[in-house]
Every structure is written in structure tokens, then in C-alpha cells.
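Here is the naming used below: chain letters follow the sequence lines, and residue numbers restart at 1 for every chain.
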Protein chains: 2
Amino acid sequence: MRKFARRGIVLSAGVREESLCFLFEGRLQGVDFTIDGREVGLYFVEPGDFCGELGLFDHGPQPEYVIALTGAVTVFIPMEALREVMMKQPGIVRVLGERLAARLRQMTRQRSLLGLPNISQRVCCQLWMLIPEGDKDGSSGSFINNPPTHMEISIMLNLSRETVTRVFQNLQMREIVKRDGASCLLITDLQTLRELAEGKQEL
Amino acid sequence: MRKFARRGIVLSAGVREESLCFLFEGRLQGVDFTIDGREVGLYFVEPGDFCGELGLFDHGPQPEYVIALTGAVTVFIPMEALREVMMKQPGIVRVLGERLAARLRQMTRQRSLLGLPNISQRVCCQLWMLIPEGDKDGSSGSFINNPPTHMEISIMLNLSRETVTRVFQNLQMREIVKRDGASCLLITDLQTLRELAEGKQEL
DNA sequence: GTACTGGTGTGACCGTAATCACCCGCGCCG
DNA sequence: CGGCGCGGGTGATTACGGTCACACCAGTAC
């Protein structure tokens, strides 16, 4: 078991991480860097997910950094032990394979986002993906705990931090979202947010 | 065994494809669509690779389209049979796991590309990735057979077709690449292309 | 021959998001 | 307390890539 402070480096790129990281609490972000040093956001990790599982399959190095966006509680599971169990227990292989497949699907969705020409839509989609699954079809509002900063969102969406800020300003003016202190973002109008994300409405 | 003409749809998104597609000849492209209908290029498939393997692991539907960019020769392997073999032969699981991991690494690299602010660099990186692995460190030139069209490259890089054309015009003027008919692109100056891709030189 | 289509080449124009330069407010820490 | 750093907010400016509108050419179908 390991705890991380905000900004803590959970997994390092290039290193052969010999363990898999299961997230209990908090939020992590997979981050890569371009040749010229810009940050690129790849995915978010929410509680219940794990990351760093790539080496299990191909023995290669960890391809990207994983950073703690909030304080985080994780459990590290040594790969060697896991590989042995994998041999014996086909159930384990299945779970891990499903996890890998899920990550691939997630990255595909994220990549599609980047194709959207409308910037606000991009941000709204990303916001939508951060809303707890159970709340999405509810008619009442929802909230995102310890939401990513504008900067962290911007690198996910290939935008500048300022642009994200401006979109959020619009969303707040139209009373679609609302800040509740630094550590919580209220989604007051789920319906409209969804329509913005789907492009049925312009911001 | 199945053959596809250029533009043929190899795998359809949304469908539960119950087979895996191994590519013998030609080049395929994984393609998704944004909510507003724009094409997004996800990855290329080169001979020796396969695709459509996601369902093997999570029984979910195929997330994206796979299109033949050239005439293509493929072998379809029924998943059901494969799943049975997977149970018995741990070697098969390993190969498939490695394949999945490789795709994830590939998509990560591709995503990083999109973070590059310099457009020419983006195109050059993509070009570089299309060069046969064996030629990359050679001092002599190389070539890309049946290269993707400008359109197909543009959707991989979130650019417009015209922008890609203009970059290629530059590359040809500087005699870094050269067209050899419609079906072959000669890379005459590997060294410079690499430096452009790495950002050590401006176009 | 003509017509058509797909891939490419090119100019003009324009909108928009990046960039830069600030400011503010808050929390933290010595 | 003061100072600092981080996250957020905002205006002015501008470069750059998208879009549109063409033209061109090779292949091919009839």
C-alpha cells in the first residue's frame, strides 16, 4: 500500500515498473511528453481501476508517466507474483485482459474527442466523461469531486489552459456548472451539458 | 481468407465481430468518427499485424472501423475457436496479450504526436513511422509502398487535407521525398527527415 | 472520343485559439 | 506576519491553419 500527495509520480515512463498499481482513492492521470517537452494527457484513472499493467503482457517499459492529481491511495501488486498466478488461474488473465481492452477503448474515445472542431464541445464531452456513471441519466444534478485543474484538462484536449478557463466561464455564466470551493465542481444542469457534449446545442 | 479492394470495410464499428483479422498484404487503417461525423484516424495496420482482437478479451463490440487503404489480403480467424485454444495454450494468450499491449503503445505514441504544435513536424513524424523498420538507420534512402493519401494522413494528425499537401510540397521542394508514380513514395533524405521529425530542424 | 471520379495542388480569406502579459485570491510555510 | 506558488480569470494581439473555391491530371468506364 502506498499513498501519494498531489503531483506525486506514481509510475515513471521508461522504467520497467515491476508492479501494477491499483487505485483505491483519488484520481490519477496518464501523461506523456512530446519531443519538444509539452505535456500530453492520455487518460484519467478513477478509483477501482488500475494502471501500469502493460508490462505484464509484453515485459516492456512503462510507456507513460502516471501522476496523482489528488492525494491518492494505491496498492502496488508485484508483477512477478501476478504472472505466476496468471498461469494457474485463467480467471485472472481474463480480468487483466478486460482491463487492457477497456483502456484501449478509453483511449479511442479520447482520441475521437480531439477530432471535434468545436472547442466547447470538446470540453463538455470531457466533463461528461468525468461524471459518475450512475448520475448521468438522473434528472437531478451531480458533482465531480476534486476535479482536474484547467491545466490538466487542457492537456487532455490539446487546448491551452486559458481556453479551458474561458469555456468554464461560459458554463458558469449559463449556470450549467458551479464551483463549490476548490475541491468540488457541481453540475447543476446535466441535461444541457449533455446536449452541449452531443453538439445539439452551441455554447 | 478474404481479399478487400481499396476502401473496403474490413471491420465495422458497433458490430460484435466474431473474428480476428490477420493482415497479409496491404495496409489497413483504424478509423473512428466524431459525434459530428468527422473522420478520425486511429492507427495503421501493416502486414503481419492483426486487428479486431479486442472482443476476444472483453466480448464487447468492435469500437472502430477498419478500412483497407490499398488492396488487401487478410485471414479471418473465428474468435470462438481461438478462445478455446487460448484456454489450453498459454503461449497463445501471451502472443495476443503482447499484440494488445503493442496497440496500446502505438496509440499512445500517436496521441503524443497530436501534441506537437509544429505541423510539419507532425507530418514528418508520421512519415517516419511509416518507413520500414530496417531502413531507418541506413544511410541510403528508403520508400513507402502504396503510401496513405494526404486525406488519410490528415485524419491521423488532426489536420486538413490541404495542410498535409502543403507540407508534402515543401518536402518535395527540399528533395527530402519524391513521388514515384501514384503507388510509391521515395524517401531520398532519411537523415533530414529524421531531424525534422525530432524537431532539430525547421521546415 | 467524352464524362466522371479520386487524388493532388494552390490562392484568398477569415476565424479562432495560442500566446503573452497581466491580475487576483487562497493556502501554506518558515 | 510576509512571501511564495498555484490555480484561476481576462484582455489584446496575431499567426496560423481551416475552409472554400477553384484547377489539374491520371485512370477508367462507356
- Task: Give me the ring orientation class for Phe33(B) and Tyr65(B): parallel if the planes are under 30° apart, tilted from 30 to 60°, perpendicular past 60°.
- Result: perpendicular
Counting only side-chain N and O atoms of [X], is one of them less than 4.0 Å from OP1 or OP2 of [N]?
| X | N | answer |
| --- | --- | --- |
| Thr165(B) | dG7(C) | no |
| Thr163(A) | dA18(C) | yes |
| Arg6(A) | dG7(D) | yes |

- Looking only at dG17(D), dT10(C), dG7(D), the nucleotide nearest the Gln169(B) side chain is dT10(C)
- From dG18(D), dA18(C), dG9(D), nucleotide with atom closest to Arg38(B) side chain: dG18(D)
Rounded to whole Å, how long is the line connecting atom [atom1] of [X] with atom [atom2] of [N]?
| X | N | atom1 | atom2 | value |
| --- | --- | --- | --- | --- |
| Arg122(B) | dG18(D) | CZ | C1' | 13 Å |
| Leu203(B) | dG17(D) | CG | C1' | 15 Å |
| Asn146(A) | dC6(D) | CG | P | 18 Å |
| Leu116(A) | dA17(C) | CG | P | 12 Å |
| Gln121(A) | dT16(C) | CD | P | 15 Å |
| Met151(A) | dG8(D) | CE | P | 11 Å |
| Asn158(A) | dT19(C) | CG | P | 11 Å |
| Asn118(B) | dA18(C) | CG | P | 16 Å |

- Message: Applying a 4.0 Å non-hydrogen cut-off, can you work out what Ser160(A) is touching in the nucleic acid: base, sugar-phosphate, or nothing?
- Response: base
Let's test your reading of the model: under 3.5 Å, does the base of [N] pair with the side chain of [X] as donor and acceptor?
| X | N | answer |
| --- | --- | --- |
| Arg166(A) | dG8(D) | no |
| Arg161(B) | dG9(C) | yes |
| Arg179(B) | dG7(C) | no |

- Query: On DNA chain D, nearest-nucleotide positions of Ile119(B) versus Arg7(A): which is more 5'?
  - Reply: Arg7(A)
- Message: Using side-chain heavy atoms (C-beta onward) and a distance below 4.5 Å, is Val45(B) in contact with Arg27(B)?
- Response: no
- Note on the structure: Between Glu162(A) and Pro117(A), the residue closer to the 5' end of DNA chain C by nearest nucleotide is Pro117(A)
- Task: State whether Glu80(A) and Arg16(A) are salt-bridged, where the test is any N-O pair (Lys NZ or Arg NE/NH1/NH2 against Asp/Glu carboxylate O) under 4.0 Å.
- Result: no
- Salt bridge present between Glu25(B) and Arg2(B) (N-O < 4.0 angstrom): no
- Item | Contact summary for Cys51(A) and Leu28(A), nearest pair of heavy atoms | SG-CD1, 4.1 Å
